[in-house]
Amino acid sequence: MRSTAYIHLLRSPADHPRHVAQQVKVPAEEWAAYDWSGRAIKRHRMEIRGAFGFRECTEEAQAQLAEWLAVELCGVELNRNRLAEAVVARCRKDRLEPPAPGQIARLVGKAVSTFEERFCAAARDVLVRMSKGRGLAFSEGGQRRTDGWHGHNRT
């Protein structure tokens with residue numbers, strides 16, 4: 001089992017505790033009785049990260065992951081599940097403990113929003129530049145002006 005799998009096992013109980021208990025060589029009863037929200041899990045996760053050379057995924061690291069997604073992948077991948085998979089793969093490559101699934105979903109959402117905002121702003125800027133050369137005028141918000149102004153001085 002890969003090291004990130006151990007970290008995920010400690011994040012939330014699996015659907016099949018006997019199988020998981022067998023994989024990590026722990027009696028099923030102990031696995032079922034484990035306190036998934038106490039101080040022990042935080043300590044165990046820290047020990048596992050240290051043993052496998054991983055580090056915690058801080059807010060700064062998550063912001064960097066979101067920026068990486070926005071710049072590198074959101075323009076070519078529309079499927080949010082595949083973007084989430086890319087986050088986990090990148091975490092593995094960078095030796096980061098992947099964020100919790102809910103955090104990954106928010107991270108992906110932020111990256112998609114950032115990409116869309118930048119894409120729309122760039123498209124608007126291109127349209128504004130093109131319109132100036134053709135005598136069309138758009139207001140700051142990208143709406144066509146209706147006040148009779150056509151991009152040249154009226155006398």
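For the single chain, residues carry numbers from 1 onward in sequence order.
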Under 3.5 Å, side-chain donor or acceptor atoms of residues 63-72 against the rest of the protein: list the pairs with distances, not counting sequence neighbours.
residue	atom	partner	partner atom	Å
E67	OE1	R118	NH1	3.4
E67	OE1	R118	NH2	3.0
E67	OE2	R118	NH1	3.0
E67	OE2	R118	NH2	3.4

**Asked** For R39, does the CZ atom sit with more than 12 other heavy atoms under 6.0 Å from it, leaving out its own atoms?
**Response**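 For R39, atom CZ is not crowded (no more than 12 foreign heavy atoms under 6.0 Å).
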| query | Is it the case that more than 12 heavy atoms not belonging to Q22 sit under 6.0 Å from its CD atom? | reply |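 At most 12 heavy atoms, drawn from other residues, nucleotides or ligands, come within 6.0 Å of this atom.
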When Ile, Leu, Val, Met, Phe, Trp and Tyr are grouped by side-chain heavy atoms lying under 4.5 Å apart, directly or through other members, which residues fall in the same group as L78?
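Once heavy-atom contacts under 4.5 Å are chained together, L78 still belongs with nothing else.
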> Should side-chain heavy atoms under 4.5 Å link Ile, Leu, Val, Met, Phe, Trp and Tyr, which residues sit in the same cluster as F115?
Replying inline: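 Members besides F115, by chain and number: F119.
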Shortest non-hydrogen contact from [X] to [Y]?
| X | Y | value |
| --- | --- | --- |
| E97 | F54 | N-CD2, 3.8 Å |
| E56 | L96 | O-CD2, 3.7 Å |
| C74 | L83 | SG-CD1, 4.2 Å |
| D35 | I41 | O-CB, 4.1 Å |

For this session: Apply side chain to side chain contact (heavy atoms under 4.5 Å, CB included) to the pair I48 and R45, showing each step before the final yes or no.
Result: CA-CA 5 Å; I48 291 169; R45 285 175 56 203; 5.7 Å; no
Checking E77 side chain against N79 main chain: does a donor-acceptor pair fall under 3.5 Å?
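Checked: pair present.
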Open item on the list: Donor-acceptor pair, distance only, cut-off 3.5 Å: does the side chain of R55 make one with the backbone of D94?
Closed with: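 The answer is yes, because a donor-acceptor pair under 3.5 Å joins these two groups.
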Nearest 0.5 Å, please: how far is OG in S113 from CZ in R106?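 Between atom CZ of R106 and atom OG of S113 there are 13.5 Å.
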Item to complete: Look up atom SG in C91 and atom CG in L107, then write down how far apart they are to the nearest 0.5 Å.
Response: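 Interatomic distance, C91 SG to L107 CG, rounded to 0.5 Å: 8.0 Å.
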- So does D125 pair up with R129, basic N to acidic O under 4.0 Å?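 No, this pair does not count.
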- For Q103 and Q62, run side chain to side chain contact (heavy atoms under 4.5 Å, CB included): C-alpha distance rounded to whole Å, both residues' side-chain angles, the deciding distance at 0.1 Å, then the answer. CA-CA 9 Å; Q103 290 173 303; Q62 289 181 45; 3.7 Å; yes
